[in-house]
Amino acid sequence: MSQRMNSFLIITPFRNAERFIAENARRSLRQLYGEFRIVFVDDASTDNSLARLEEAIRQHPKTQCREVHVETNAVRQGSLANTHQVILK
């Protein structure tokens with residue numbers, strides 16, 4: 001019988017989170033439990049959140065993380081709509 005690795009998805013919707021998004025990304029990327037993916041959804045931020053996030057992702061070696069994906073909304077949709085959008089894809 002083959003062993004199956006546990007995997008999970010982290011979804012992080014954010015808006016104007018410039019002060020916190022880089023640390024959130026670093027903590028998410030440090031997960032050691034199995035294989036996982038991370039999706040960050042920028043809900044039409046008007047600050048430098050996206051630039052800070054992209055820099056944090058570039059600086060981190062992805063050990064267990066299979067994929068990091070960043071989506072950006074042109075108009076504000078809200079956290080719940082963003083989460084549903086990612087799950088339904």
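Between Glu18 and Arg52, the shortest heavy-atom contact is OE2-NH2, 3.3 Å.
Annotation: the span from Leu9 atom CG to Phe36 atom CZ amounts to 10.5 Å, rounded to 0.5 Å. With rounding to the nearest 0.5 angstrom, the OG1 atom of Thr46 is 5.5 Å from the CZ atom of Arg15.
Here the side chain of Asn48 pairs no donor or acceptor atom with the backbone of Ala51 at under 3.5 angstrom.
In this model, no donor atom of one side chain and acceptor atom of the other lie less than 3.5 Å apart for Ser49 and Asn16.
Taking 4.5 Å as the limit, some side-chain heavy atom of Phe8 sits within range of a side-chain heavy atom of Gln31. Taking the side chain as every heavy atom from C-beta outward, Asp42 and Phe14 approach each other to under 4.5 Å. A 4.5 Å side-chain heavy-atom check between Phe40 and Asn24 finds at least one atom pair inside the cut-off.
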* To do: With side-chain contact (heavy atoms from CB on, under 4.5 Å) as the test, would you mind laying out the steps for Leu29 and Ile38 before giving the verdict?
  => CA-CA 8 Å; Leu29 286 164; Ile38 304 173; 3.7 Å; yes

* To do: Apply salt bridge (Lys or Arg N to Asp or Glu O under 4.0 Å) to the pair Glu55 and Arg26, showing each step before the final yes or no.
  => CA-CA 10 Å; Glu55 181 64 25; Arg26 285 189 290 272; over 6 Å; no

